[in-house]
Amino acid sequence: MAISSSSDQVKPSGHQIYIGFYILAVLFNLCLVAQVLTVGLAYFYSAEWWNVHVWLVRGYGGLSLILTIWAYFSLLPRRVRSLASSLPVLLGLQFSVIHLKTPFHLEVLHPLIGFALLSVSSSLVHRVWRILSPANHQIESKS
């Protein structure tokens with residue numbers, strides 16, 4: 001097993017799993033940042049940026065499922081698994097509120113869900129970085 005007795009520490013044998021997961025989480029996070037920037041460019045500069053905004057979510061949306069599956073099959077800590085599994089749920093909600101036409105105008109929730117998605121993604125990156133950080137390994141080796 002790649003995880004030691006503490007839920008947020010990793011043994012060297014699982015280090016590569018965490019590094020790969022971390023790289024994918026950072027990539028997902030950068031795609032979200034690019035998406036926020038492109039929606040700003042579409043609104044304030046040129047509507048042509050909207051196509052890039054839509055293309056981005058279609059391009060990186062599958063990464064959320066890969067992160068979730070990776071987190072569960074690699075037996076990553078529970079907090080990492082819950083953050084990873086929140087990503088496809090939030091993407092699904094964001095897609096639903098923008099495409100489902102209801103008399104309640106749920107599309108107003110789209111930007112709020114987007115910011116929640118960015119927050120969860122950033123928390124995931126931060127959590128995995130804390131597990132991988134040299135300071136965590138120094139504490140582990142002293143005990």
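All values below come from the heavy atoms of this structure, side chains included, with hydrogens, waters and symmetry mates left out.
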Shortest non-hydrogen contact from [X] toward [Y]:
X: G20; Y: W70; value: C-CH2, 3.3 Å
X: L56; Y: C31; value: CD1-O, 4.4 Å
X: A25; Y: L124; value: CB-CD2, 4.2 Å
X: V120; Y: S86; value: CG1-CB, 3.9 Å
X: L87; Y: S64; value: CB-CB, 3.8 Å
X: T68; Y: S85; value: OG1-CA, 3.5 Å

Establish whether [X] and [Y] are linked, either directly or via other cluster members, by ILVMFWY side-chain heavy-atom contacts under 4.5 Å.
X: V36; Y: I98; result: no
X: W129; Y: I19; result: yes
X: V128; Y: V33; result: yes
X: I23; Y: F21; result: yes
X: Y43; Y: V52; result: no

Query raised in the report: Hey, what's the ring geometry for Y60 with F28, parallel, tilted or perpendicular (30° and 60° as the breaks)?
Result: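 Perpendicular, since the angle between the ring planes exceeds 60°.
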
Is a side-chain donor or acceptor of [X] paired with a backbone partner of [Y] at a separation under 3.5 angstrom?
X: S119; Y: F115; value: no
X: S133; Y: R130; value: yes
X: S121; Y: L117; value: no
X: S82; Y: R79; value: yes

Enter the distance from [X]:[atom1] to [Y]:[atom2] here, rounded to the nearest 0.5 Å.
X: L91; Y: L63; atom1: CG; atom2: CG; result: 10.0 Å
X: Y22; Y: H15; atom1: OH; atom2: NE2; result: 11.5 Å
X: L118; Y: L32; atom1: CG; atom2: CG; result: 5.5 Å
X: R127; Y: R81; atom1: CZ; atom2: CZ; result: 12.5 Å
X: N29; Y: H126; atom1: CG; atom2: NE2; result: 12.5 Å

Does the side chain of [X] reach to within under 4.5 Å of the side chain of [Y], using non-hydrogen atoms?
X: V97; Y: E107; value: no
X: I131; Y: V80; value: yes
X: L106; Y: L100; value: no

Report task. Could you check W49 against L37 for side chain to side chain contact (heavy atoms under 4.5 Å, CB included), going step by step and ending with a plain yes or no? Result -> CA-CA 9 Å; W49 281 97; L37 290 174; over 6 Å; no

Requested in this report: Compute the centroid of each ring, for W50 and then for H53, and state whether the two points are separated by less than 6.0 Å.
Outcome: yes

Query raised in the report: Is the count of non-hydrogen atoms from other residues, nucleotides or ligands lying under 6.0 Å from Y72 atom OH greater than 12?
Result: yes

